[in-house]
Amino acid sequence: MCAQQMPVAWVHLPFSNDFATVLQFLQHRYAHVPAQRWVERIQANEVRFENGVSITLSTPYQGNCRVRYAKSHPQEPRIPFEVQVVYENEHIVVASKPHFLPVVPGAEFIQESLVYRLRQELDLPELSPAHRLDRDTAGLVLLCKYPAQRGAYQRLFQSRAVKKRYLAIARASAPLVPPETLWQHHLAPAPAPAPWFAMAIQAGEANAITQVRRCIALDANKVFLCLEPITGRKHQLRVQAAHMGFPLLYDRFYPHMQPKAPDNYAEPLQLLASELAFRDPISGESLHFKSPHTLMYGGADVLRLPALLC
């Protein structure tokens, strides 16, 4: 096993005119942490930008970037679901993560993250994701073993060379959507007073495109969706589905923000990143993966219903 190290947390700095310095943002963002603790972390050189540049007490605030810092209290309650490794070769790991587990360490979850767990389990201290998946979403994530190769796999996602398929269960307040329908919208950060992480559909040229492969009624007010996002915007499927009249079952953010509460493990967001397919940029091999995780409806595995298979 690789040596235990102090976990590193990440925080995204959104576009904002509310903060003069990075320190001010951190003290506001983590109001539950004593303000002096952030001063001490910065003075101890424990807070840096993603590129490694140190942050000082007077570093100006910069939107749309990430900051990392040493997590001082690594003990966390365990998220009681397991990661399943689907594939591994000399360059990559493909894993299926459960609902509630974040991909990368963050403010609230450090050891309880996909990357931290797999770094320890597989003895791969440099393992890092080539893309992201919401904490609330279960399913497949492609991770790279070494930084030098990560860019090649990230470019697959940037150039839309990865075929992604998601399955979902949603509440229905609109007529069923015919197969092959395209959802095309302009996604942007939601205006205030929405939380900093929220997204919304706004006027503008479409920058979020999803193909609907299946939309099948499960009962009078629930539908099964099979979706293939062509773009990869933040919260894309959740926002689009809610906007089109199919809010995902147990979604805490869309269409209406729910009050912050402890995770309800009995009601996971019914969204699964079920398939990934791409040509490996290093070996040239065509790869296709399916998640061993599933969605549950009425106490049964919805993917075992023959009429719902895509």
Side-chain angles (χ1 to χ4, degrees), residues 2-79 97 100-120 125-129 131-137 141 143 147 150 188-200 234-235 252-253 257-263:
C2 54
Q4 294 284 335
Q5 300 178 355
M6 182 66 73
V8 173
W10 296 89
V11 60
H12 177 258
L13 276 58
F15 288 114
S16 175
N17 296 318
D18 296 335
F19 310 102
T21 64
V22 175
L23 172 62
Q24 287 181 2
F25 168 80
L26 293 171
Q27 291 172 330
H28 173 82
R29 176 71 173 81
Y30 303 113
H32 61 285
V33 176
Q36 182 60 28
R37 181 69 186 109
W38 286 110
V39 173
E40 295 169 355
R41 284 174 168 171
I42 289 174
Q43 291 176 332
N45 201 29
E46 295 178 352
V47 185
R48 298 170 179 264
F49 286 112
E50 188 172 15
N51 61 6
V53 174
S54 295
I55 290 170
T56 69
L57 298 179
S58 60
T59 297
Y61 183 84
Q62 302 177 31
N64 196 32
C65 64
R66 292 206 307 162
V67 165
R68 59 184 172 91
Y69 60 91
K71 181 76 171 179
S72 56
H73 301 291
Q75 296 303 317
E76 305 166 39
R78 182 171 176 82
I79 294 172
K97 81 171 191 70
F100 302 105
L101 188 74
V103 171
V104 296
E108 297 180 69
F109 304 95
I110 305 300
Q111 292 175 322
E112 287 305 286
S113 64
L114 177 68
V115 166
Y116 190 90
R117 281 193 188 183
L118 290 180
R119 283 178 177 176
Q120 306 305 313
E126 296 182 302
L127 190 71
S128 60
H131 63 117
R132 297 298 177 87
L133 205 60
D134 293 346
R135 184 175 84 88
D136 294 333
T137 304
V141 180
L143 304 104
R150 186 184 182 201
W196 63 269
F197 57 80
M199 302 293 287
K234 180 181 178 182
H235 292 183
R252 300 177 298 164
F253 301 154
M257 191 69 55
Q258 304 298 313
K260 186 174 177 60
D263 290 331

Task: Approximate separation, where rounding is to 0.5 Å, of Leu127 CG and Tyr116 OH - done: 13.5 Å
Open item on the list: How close do His12 and Phe25 get, counting heavy atoms only, and between which atoms?
Closed with: O-CZ, 3.7 Å
- [ ] Taking all non-hydrogen atoms of both residues into account, name the closest pair between Trp38 and Leu26 and its distance.
- [x] NE1-O, 3.6 Å
Open item on the list: If I compare all heavy atoms of Leu133 with all of Val103, which pair ends up nearest, and what's the gap?
Closed with: O-CG2, 3.5 Å
Task: Spacing of OG belonging to Ser16 relative to CZ belonging to Arg29, to within rounding of 0.5 Å - done: 12.5 Å
TODO: Run the salt-bridge test on Glu112 and Arg78 with the 4.0 Å N-O cut-off and return the result as yes or no.
DONE: yes
TODO: To the nearest 0.5 Å, tell me how far Cys65 SG sits from Phe15 CZ.
DONE: 9.0 Å
Task: 4.5 Å side-chain heavy-atom contact, His28 and Asp18 - done: no
Open item on the list: When you measure from the side chain of Glu50 to the backbone of Arg66, do you find a donor-acceptor pair of N or O atoms at a distance under 3.5 Å?
Closed with: no
Open item on the list: Can a donor-acceptor pair be found, under 3.5 Å and without considering hydrogens, that links the side chain of Lys234 to the backbone of Asp134?
Closed with: no
Open item on the list: For a 4.5 angstrom cut-off between non-hydrogen side-chain atoms, does Val115 reach Pro105?
Closed with: yes
Task: Sub-4.5 Å side-chain heavy-atom contact between Pro195 and Met257 - done: yes
Task: Distance-minimising heavy-atom pair for Phe49 and Arg68 - done: O-NE, 3.8 Å
Task: Closest non-hydrogen atom pair, Asp263 against Arg252 - done: OD1-NH1, 3.5 Å
Open item on the list: side chain to side chain contact (heavy atoms under 4.5 Å, CB included), that's the test. Do Trp10 and Tyr69 meet it? Break it down for me.
Closed with: CA-CA 7 Å; Trp10 296 89; Tyr69 60 91; over 6 Å; no
Task: Polar side-chain atom of Arg41 near backbone of Val47 as donor-acceptor pair, under 3.5 Å - done: no
- [ ] Kindly compute the distance separating CZ (Arg119) from CD (Glu126), expressed to the nearest 0.5 Å.
- [x] 8.5 Å
TODO: Would you check if Pro129 and Val104 make a side-chain contact, meaning some heavy-atom pair closer than 4.5 Å?
DONE: yes
Task: Nearest heavy-atom neighbours spanning Thr59 and Ser54 - done: OG1-O, 4.5 Å
Open item on the list: Within the structure provided, determine whether Val67 and Leu13 are in side-chain contact (heavy-atom separation under 4.5 Å).
Closed with: yes
TODO: Supply the atom-to-atom distance Tyr61 OH to Leu23 CG, rounded to the nearest 0.5 angstrom.
DONE: 13.0 Å
Task: Interatomic distance, Ile55 atom CD1 to Arg48 atom CZ [nearest 0.5 angstrom] - done: 9.5 Å
- [ ] Kindly check if the number of other-residue, nucleotide or ligand heavy atoms within 6.0 Å of CG (Asn17) is above 12?
- [x] no
TODO: May I ask you to decide if Ile42's main-chain N or O and Glu46's side chain share a donor-acceptor pair within less than 3.5 Å?
DONE: no
- [ ] Using a 4.5 Å cut-off on heavy atoms from C-beta on, say whether the side chain of Gln62 contacts that of Thr21.
- [x] no
Task: Check: Arg150 side chain, Ser128 main-chain N or O, donor-acceptor pair, under 3.5 Å - done: no
